Amino acid sequence: MIEEIKKYREEASAAIEAASSLVELETAERSHLGKAAPLQGLKKSFGSLPPEDRKTTGMALKEANVSLAAQLANKKADYEKAERAKQLESERLDLTENTEALRVGRSHIITQAMQELEDTFVGMGFNVAEGPEVETDWHNFDALNIPVGHPARDGFDSLFVDYGAPGSTLLRTHTSPVQIRTMLEQKPPIYVITPGRVYRRDTADATHMPVFHQLECLVIDKDISMAHLAGTIEAFTTSYFGDGFTSRLRPNYFPFTEPSAEFDIQRPDGSWLELGGCGMVHPNVLKAGGIDSEEWSGFAFGFGIDRLASLKFGVTDLREMFSNDSRFLAQF
Ligand code: DAH
């Protein structure tokens, strides 16, 4: 019987060893260690053994079972570990697969231009002031020496707002009313720039938009002359556009300045760019701002930002800048 135990034990051990999966292992367990297995069947024959052999045979059988159970358990653990690893691997979520490069937003080119302009003027010692976009006709016109009936009013193609008396409230047509607000709020000397959005009743085309941006500059101090105006425009020109750029003034007319001029920028290639208007602040404007024109004098200038930005970034149609197409915006 000891021989049989040895034989069945070896068979069972080989079967366990040969099992190449958890399922095969369970089959081997059933056929070699289960109730119907030949090894277990031997127990039934114990009664026929001579009593002196029963102990050794019983111990051999027990030892075979214990050793086979251990072998089985080891192998089972290996397979379970492997299967678990396989399952984990198959269920693994690749958290990196959706990391399409993060899209980083950026400032609109008008905003970029405005910030650069502000930096330039702040570097020259100016403060930045702001005013409302919905303005009274007094700030937008009267205080700027454009009384009711003045022909210059027509030129501004105003968009009036249905608020208060008819014609009393409008979307500001230029940033010049902030000159008045600043003078009424601050005591001279005043050195400010006022960038902002302005509105005119214009049909959008490649070079016009009904909403656009201007930058106004106002200086009020003692003994300010036209030379300070020309010098400031020239300093701004080289500082903002760079070396090789220069500026010039050409006589013009604006109701809020006297004398008035238009200023142009000359590019290194010799070509001229008309930029904006300027002049010495009209005594009536100083008066509206509560400033004594006998004691103080000043200059002002204003220009459009959109055309500057479009030239700088090579945009040929202003409408593109406000189309809200992220493919356009992402270029700059
Ligand atoms: N406000 C004028 C416009 O929108 C531009 C301008 C001209 C502003 C002369 C000024 C100035 O400050 O002095 O057409």
Side-chain angles (χ1 to χ4, degrees), residues 117 121 126-133 135-147 150-159 170-183 190-202 207-221 224-234 236-237 247-265 273-289 291 293 296-308 318:
L117 287 163
F121 281 103
F126 284 84
N127 293 314
V128 180
E130 279 184 343
E133 289 174 23
E135 191 52 284
T136 67
D137 74 328
W138 185 80
H139 288 90
N140 196 85
F141 293 127
D142 300 74
L144 289 164
N145 201 30
I146 316 172
H150 193 292
R153 284 208 179 200
D154 295 339
F156 281 105
D157 298 314
S158 311
L159 284 159
L170 73 165
L171 297 177
R172 67 179 179 193
T173 59
H174 49 176
T175 44
S176 303
V178 192
Q179 288 187 27
I180 305 299
R181 291 185 175 273
T182 306
M183 288 189 276
I190 292 170
Y191 289 81
V192 292
I193 54 151
T194 72
R197 198 173 287 145
V198 300
Y199 303 80
R200 287 191 201 171
R201 212 174 54 242
D202 244 337
T207 53
H208 296 86
M209 288 297 284
V211 183
F212 57 104
H213 304 80
Q214 286 188 336
L215 187 141
E216 192 90 10
C217 175
L218 174 70
V219 167
I220 309 282
D221 207 336
I224 293 294
S225 74
M226 201 80 179
H228 295 113
L229 167 61
T232 303
I233 286 179
E234 181 65 19
F236 154 69
T237 301
S247 63
R248 75 174 174 198
L249 304 189
R250 280 179 297 116
N252 205 326
Y253 168 78
F254 293 103
F256 27 88
T257 42
E258 181 59 35
S260 302
E262 206 144 28
F263 67 97
D264 308 328
I265 306 294
L273 164 70
E274 279 183 34
L275 201 60
C278 61
M280 302 307 293
V281 181
H282 196 287
N284 288 350
V285 174
L286 290 172
K287 196 169 156 206
I291 288 173
S293 59
W296 305 95
S297 54
F299 67 75
F301 60 86
F303 58 85
I305 295 174
D306 306 66
R307 209 154 54 93
L308 255 194
L318 285 183

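Counting starts at 1 for both ligands and their atoms, in listed order. Predicted model only: the values in this text are computed from it and were never measured.
- Residues N140 and T173 bring a donor and an acceptor atom of their side chains to less than 3.5 Å of each other.
- Considering only non-hydrogen atoms, atom 2 (C) of ligand 1 lies nearest to F256 out of F299, F256, F303.
- Near F254, meaning under 4.0 Å from one of its heavy atoms, ligand 1 places the atoms 7 (C), 9 (C).
- The residue from E262, H282, E216 that puts a heavy atom closest to atom 8 (C) of ligand 1 is E216.
- Taking a cut-off of under 4.0 Å to the non-hydrogen atoms of Q179, the atoms of ligand 1 that pass are 12 (O).
- Residue G279 approaches ligand 1 through these ligand atoms, each under 4.0 Å from one of its heavy atoms: 13 (O).
- Of the possible donor and acceptor atoms, one in the side chain of T136 sits under 3.5 Å from a partner among the backbone N and O of H139.
- Any N or O atom pair closer than 3.5 Å counts here, and T173 shares no such pair with ligand 1.
- Within the 3.5 Å criterion, the main-chain N or O of P283 finds no donor-acceptor partner in the side chain of S293.
- Between the side chain of E216 and the backbone N or O of S176 there is at least one donor-acceptor pair closer than 3.5 Å.
- Heavy-atom contacts of A300 reach the following atoms of ligand 1: 12 (O), 13 (O) (cutoff under 4.0 Å).
- In this model, no donor atom of one side chain and acceptor atom of the other lie less than 3.5 Å apart for D202 and H208.
- Ligand 1 lies less than 4.0 angstrom from a heavy atom belonging to R200.
- The nearest protein atom to atom 5 (C) of ligand 1, hydrogens excluded, is given as G302 O, 4.2 Å; this is a heavy-atom distance.
- A salt bridge does not link D137 to R172: none of the charged nitrogens lies less than 4.0 Å from a carboxylate oxygen.
- Which parts of ligand 1 touch Q214 is read off a 4.0 Å heavy-atom cut-off, strictly below it: atoms 3 (C), 4 (O).
- Residue contact annotation: S176 has a non-hydrogen atom under 4.0 Å from ligand 1.
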Stepwise ring pair (Phe, Tyr, Trp, His ring centres under 6.0 Å) check, F126 with F236
CA-CA 11 Å; F126 284 84; F236 154 69; 9.7 Å; no
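- Set against the non-hydrogen atoms of T257, the atoms of ligand 1 under 4.0 Å away are 13 (O).
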Decide salt bridge (Lys or Arg N to Asp or Glu O under 4.0 Å) for D306 and R197; before the verdict, give the C-alpha distance in whole Å, the side-chain angles of both, and the deciding distance to 0.1 Å.
CA-CA 10 Å; D306 306 66; R197 198 173 287 145; over 6 Å; no
